[in-house]
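Here is the structure we will look at, set down as structure tokens.
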Amino acid sequence: MRKRIVSIALAFVLALSVAVTFTGCGNDDYPVEVANITIESEPKNIVVLDASTADIISYTGYDIKMVGRSDEVNQDWLSVVPSVGSQTSPDVDKIKTYETDIVFASENLDKTVKESLEKENIQVITMSQAKTPKSLETNYVTLGKILGGKVTGSNKGASSYDDLISNMEKVKSSVKSQVNSDILYTVCYLYYEDNNLKLMTSGTYGDMLLGYTGAVNAAVNIDENKVDVNTLKVANPNFIFYADDATLNAIKADAVLSKLTAVTGGKTLMVTFDEMNRQGKTALDTLQKMVDFMYPSLKKSTSTKDEASKTTATTAATTPSAATTSLADKYKINLDKLSLKYEDENDNVKIMQQRLYDLGYVDDKENITGYYGDISKEAVENFQTKNGIKATGNADNATLVKMFDSNAVKNG
């Protein structure tokens with residue numbers, strides 16, 4: 001793969017994403033040209049230094065390619081990926097060891113680190129933060145295109161974005177179906193930046209997220225993000241979400257803002273800037289956090305249903321015919337007629353290796369490579385033995401189905 005240091009400015013990506021030019025023949029997906037970069041073949045190993053980019057990559061399912069991350073990429077579900085240090089000064093030697101094809105960097109990556117990576121022929125891509133719903137969709141498609149190709153990857157990125165929006169719509173619909181339709185709350189999101197109090201304005205990604213709470217952004221008709229206290233006084237939002245303690249202190253220190261109904265009534269909630277700006281699974285978690293705060297009765301209702309489901313599941317689990325749960329969707333693998341064998345090399349092998357690692361049959365995370373070698377064969381044999389399957393070392397369909405079953409026997 002041709003590798004060189006590049007930086008994608010989001011505006012540039014937006015301008016060129018529709019007019020992407022693809023070259024070569026004999027392969028529908030690669031090479032791919034996006035803005036000023038060329039991806040000659042499908043990346044196998046990636047390191048992600050930027051948390052927001054990691055959130056999107058994870059939501060598209062391409063996190064299976066992640067062999068390293070920065071300390072700032074601190075999402076719980078990515079904790080199994082080895083750290084390569086900080087997003088500004090990662091360990092170049094460690095990145096080299098992982099045979100990395102692409103590093104997805106933050107905008108503040110140290111210049112000398114970039115130069116070191118360039119000398120090692122490792123491509124570096126910087127995705128700018130999506131500021132609007134449209135630019136978010138573009139980022140999903142662009143990342144899918146880079147990681148999966150101009151046909152397969154683009155479609156996967158687009159469908160992942162559609163799935164994200166669909167899940168947000170479900171949250172909003174649940175609010176509308178269970179909360180008095182005559183109630184229309186107003187909300188706002190405030191943060192402190194450059195010694196000024198600012199708010200999330202109309203047309204932004206944050207505005208979209210606020211809208212899915214079933215409420216109206218109090219700044220819906222405001223273009224300037226610097227807070228006008230008199231405007232907020234008139235709007236008098238029912239709920240205020242704020243980024244950090246500094247923001248809350250600034251609100252309480254202001255003679256007008258401190259008297260807003262949301263402030264005096266305790267209707268304020270910290271939603272960190274990271275929570276508000278990560279745009280994959282974190283976005284859904286953040287949306288649910290805000291909805292639970294705004295509609296506690298809805299949360300109670302949902303919790304009651306969850307407890308009932310748990311009780312039913314527990315009862316079922318005590319019976320001999322208890323149903324098990326397939327984890328295939330969680331791992332983003334289609335098990336239908338799938339079989340894997342020694343010396344195969346593809347993403348499904350990598351997902352299988354991840355599952356074997358999670359079950360304790362693979363000891364070292366670095367052995368999750370996508371190549372079905374001796375270590376994988378031995379791990380599969382051990383899994384088959386412990387789970388009552390004839391030990392062949394090849395992962396036939398029955399083995400894979402059992403492997404991704406919630407009741408699969410762990411090693412040790």
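For the residue pair N238/K267, the side-chain donor-acceptor check at 3.5 Å is not satisfied. There is a side-chain donor-acceptor pair under 3.5 Å between T132 and S135. If you check the side chains of D244 and T247, you find a donor sitting under 3.5 Å from an acceptor. Side-chain N/O atoms of N367 and Q353 include no donor and acceptor closer than 3.5 Å. Between the side chains of T152 and D29, a donor-acceptor pair is found at a separation under 3.5 Å. Residues T272 and D274 bring no donor and acceptor atom of their side chains to less than 3.5 Å of each other. Side chain to side chain, S159 and D162 fail the donor-acceptor criterion of an N or O pair below 3.5 Å. No side-chain N or O of S86 forms a donor-acceptor pair with one of D71 less than 3.5 Å apart.
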Just do the side chain to side chain donor-acceptor pair (under 3.5 Å) check on D163 and S166 with the steps written out, would you? CA-CA 5 Å; D163 181 74; S166 175; 5.5 Å; no
Would D110 and S89 count as a side chain to side chain donor-acceptor pair (under 3.5 Å) here? Give the steps. CA-CA 6 Å; D110 187 84; S89 301; 4.8 Å; no
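Of the charged side-chain nitrogens involved, at least one lies within less than 4.0 Å of a carboxylate oxygen, so that E137 and K134 count as a salt-bridged pair.
Applying the 6.0 Å contact sphere to CG of L284 captures more than 12 heavy atoms from other residues, nucleotides or ligands. Atom CD of E193 is surrounded by more than 12 heavy atoms from other residues, nucleotides or ligands within 6.0 Å. Heavy-atom contacts from other residues, nucleotides or ligands closer than 6.0 Å to NZ of K365 number more than 12. Other residues, nucleotides and ligands contribute over 12 non-hydrogen atoms within 6.0 Å of the CG atom of N346.
Residues Y189 and L209 have side chains not in contact (no heavy-atom distance under 4.5 Å, counting atoms from C-beta outward). In this structure, I351 and F404 have side chains that are in contact, with non-hydrogen atoms separated by less than 4.5 Å. Side chains of K289 and L269 form a contact here, defined as non-hydrogen atoms less than 4.5 Å apart. The shortest side-chain heavy-atom distance between Y212 and V171 does not fall under the 4.5 Å cut-off.
Using modelled atom types, no side-chain atom of N108 and backbone atom of T88 make a donor-acceptor pair closer than 3.5 Å. Side-chain N or O atoms of T60 include none that pairs as donor or acceptor with a backbone N or O of S160 at under 3.5 Å. Remark: the backbone N or O of G144 is not paired with any side-chain donor or acceptor of K156 at under 3.5 angstrom. For the pair D405 (side chain) and S326 (backbone), a donor-acceptor distance under 3.5 Å is absent.
Contact detail for E72 and R278: the closest heavy-atom pair is O-NH2, 3.4 Å. Closest heavy-atom contact between A283 and Y205: CB-OH, 3.1 Å.
The aromatic rings of Y185 and F239 sit perpendicular, their planes meeting at an angle over 60°, well past the 30° parallel limit.
Cation-pi check for K341 over Y372 is not met; the charged atom does not lie both under 6.0 angstrom from the ring centroid and within 45 degrees of its normal.
Here the options are D55, L287, D76, I56, the test is side-chain contact (heavy atoms from CB on, under 4.5 Å), and the partner is T282; only D55 passes.
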